[in-house]
There are 2 protein chains.
Amino acid sequence: MNTNNSLLGFALLGLLHQHPMSGYDLRKIFASSAMGSFSDSPGAIYPALARLEVQGLIRGKVENSASLRKRRLFKLAPKGVTAFRAWVKRPVRRDDVIRRLGELMLRFAFTDQSLGDRQAALFLKQFEAELAGYIPSLKQYLDTNVSKMPLSGRLALECGIQEYEARLKWARTSLAFYDRRKRNKL
Amino acid sequence: MNTNNSLLGFALLGLLHQHPMSGYDLRKIFASSAMGSFSDSPGAIYPALARLEVQGLIRGKVENSASLRKRRLFKLAPKGVTAFRAWVKRPVRRDDVIRRLGELMLRFAFTDQSLGDRQAALFLKQFEAELAGYIPSLKQYLDTNVSKMPLSGRLALECGIQEYEARLKWARTSLAFYDRRKRNKL
DNA sequence: GTTGCCATGTAAACTGTTACATGATTTC
DNA sequence: GAAATCATGTAACAGTTTACATGGCAAC
């Protein structure tokens, strides 16, 4: 059985990891934004839930307290917990930093809830290292190409670089948070 | 005839707007990264080019200088120029800022090449206004929810906010560039 | 003469979008 | 009893990914 999932699938697993919910609850979370750029359309969420159920990662049960509307409450199956943790734990690759920043941030958002502070700190260290390696190559690309680029192209590229720099700074201050918390616990 | 296009389609139009190229050239540009997060897979690019051609936005001609390999060189048709400019010119909406930042930056990167400095400056003003309106609502969401969130969740959200703030700052300094250039020209 | 890159494309599977459909239950 | 909202889903379509297929040319 294939246990590959789209990003939406993992987002659903992550939310269900917190506590069981219905498809409608999940839609509301996506609709009220602030949480990534996921669609709240039923045509995305219900099929995704169905796939997760077929894979045995979640299970849905119809709640039927007499007076309530029909509502399927989904919760993580043990297999789902394993798959979710494995996803969160994946090493941070250069490729992720370049093409899947959104996925990385989603994984991080779910990290200490599912795997604890140590894994969160580890993630940040890897993330920092990859960023620190990648940023200079972007800068070099900019330097060698400025002359050939229109102003807006140059500015757009600089915007990308500044974004990565902001994230590097963020990773460092965040790491400091975890270090402080660790020291307080000792 | 429908003139709707995916983001990849517009990226292709933008590159072909600079100068005619083959599908393979386009793939190499995407592969050598630095340019957005587009896939360089032939299964994405060749069908996209075919769609653009069917819509009459581009035209492909086989180059056949005797000793060369078969190579289809694509160039923009007049209709393609119009469609591309209309895309670049679209107003910047709140929704774009939330869910389609990548598309916005791509549009901006192509702006002054296709529509000139004035449109680029206009874009930046709209972008700045939308960001300035959106950021406070994110901050408020953070403030009201900090207590219920795990540390990593909070940090991830803060990372998002910092990203938007970096872009706001970028928009303002970029606008200053266009203002300066305008003054120099007068 | 075989390895590897140039250059094109196709096919199947999957995911997400848009739009529609349905029915129950509050609320006014 | 009409309107809004809760709650679930389906169908048609478009686009992407992954993997495969093909053939010419260049280098060794």
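Chain identifiers are assigned alphabetically (A, B, ...) following the order of the sequence lines, protein sequences preceding nucleic acid strands; residue numbering begins at 1 within each chain. Predicted, not measured: the structure shown is a model, and the values here were computed from it.
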Colleague: Of A:K75, A:K79, A:R72, which is the lone residue that meets salt bridge (charged side-chain N to carboxylate O under 4.0 Å, His left out) with A:E53?
Modeller: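 The residue from A:K75, A:K79, A:R72 that satisfies salt bridge (charged side-chain N to carboxylate O under 4.0 Å, His left out) with A:E53 turns out to be A:R72.
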Colleague: For residues 115-123 of chain B, which side-chain donor-acceptor pairs fall under 3.5 Å, sequence neighbours excluded?
Modeller:
{"residue": "B:D117", "atom": "OD1", "partner": "B:R181", "partner atom": "NH2", "Å": "2.7"}
{"residue": "B:D117", "atom": "OD2", "partner": "B:R181", "partner atom": "NE", "Å": "2.7"}
{"residue": "B:D117", "atom": "OD2", "partner": "B:R181", "partner atom": "NH2", "Å": "3.0"}

Colleague: Give me the atom names and distance for the closest heavy-atom approach of B:G60 to B:F74.
Modeller: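 So the minimum-distance heavy-atom pair works out to CA-CD2, 3.6 Å.
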Colleague: Determine the interplanar angle of the A:F30 and A:F38 rings, folded into 0 to 90°, and report it as parallel if under 30°, tilted if 30 to 60°, perpendicular if over 60°.
Modeller: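 The rings of A:F30 and A:F38 sit tilted, inter-plane angle from 30° to 60°.
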Colleague: Please state how far atom CZ in A:F30 lies from atom C1' in C:dT15, giving the value in whole angstrom units.
Modeller: 14 Å
Colleague: Under 4.0 angstrom, heavy atoms only, what part of the nucleic acid is A:R27 near: base, sugar-phosphate, or nothing?
Modeller: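 Answer is base: heavy atoms of A:R27 come under 4.0 Å of a base.
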Colleague: Whether B:E165 and B:K169 form a salt bridge (side-chain N of Lys/Arg under 4.0 Å from carboxylate O of Asp/Glu) is what I want to check.
Modeller: no
Colleague: Return the set of residues passing side-chain contact (heavy atoms from CB on, under 4.5 Å) with B:P47 (not counting sequence neighbours), or none when no residue passes.
Modeller: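 Only B:R51 meet the side-chain contact (heavy atoms from CB on, under 4.5 Å) criterion with B:P47.
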Colleague: Could you tell me the separation between the CG atom of A:L52 and the P atom of C:dC14, rounded to a whole number of Å?
Modeller: 14 Å
Colleague: Begin from the C-alpha positions of B:E103 and B:R107 and carry the test salt bridge (charged side-chain N to carboxylate O under 4.0 Å, His left out) through to its verdict.
Modeller: CA-CA 6 Å; B:E103 176 168 354; B:R107 277 171 50 192; 5.2 Å; no
Colleague: Rounded to the nearest Å, what distance is computed from the CG atom of residue B:D25 to the P atom of nucleotide C:dA7?
Modeller: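 Whole-Å distance recorded here is 7 Å.
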Colleague: When every nucleotide of nucleotides 13-20 of chain D is labelled 5' to 3' by its protein contacts under 4.0 Å (heavy atoms), B for base, S for sugar-phosphate only, - for none, what sequence of letters results?
Modeller: --SSBB--
Colleague: B:Y24 OH to C:dT8 P: how many Å, rounded?
Modeller: 9 Å
Colleague: To the nearest Å, how far apart are A:M21 CE and D:dT8 C1'?
Modeller: 17 Å
Colleague: Roughly how many Å is it from CD in B:E53 to P in C:dT8, rounded to a whole number?
Modeller: 12 Å
Colleague: Please give, in whole Å, the distance from C:dT17 P to B:R100 CZ?
Modeller: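 Taking atom P of C:dT17 as the reference, CZ of B:R100 is at 10 Å.
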Colleague: Do the side-chain N or O atoms of A:Y46 get closer than 4.0 angstrom to the phosphate oxygens (OP1, OP2) of D:dT8?
Modeller: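 Checking D:dT8 against A:Y46, a side-chain N or O does come within under 4.0 Å of OP1 or OP2.
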Colleague: Please state whether the phosphate of C:dA24, meaning OP1 or OP2, lies under 4.0 angstrom from any side-chain nitrogen or oxygen of A:R71.
Modeller: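 For C:dA24, neither OP1 nor OP2 has a side-chain N or O of A:R71 closer than 4.0 Å.
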Colleague: Report the distance from atom NZ of B:K70 to atom P of D:dG23, rounded to the nearest whole Å.
Modeller: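 Roughly 11 Å, once rounded to whole Å.
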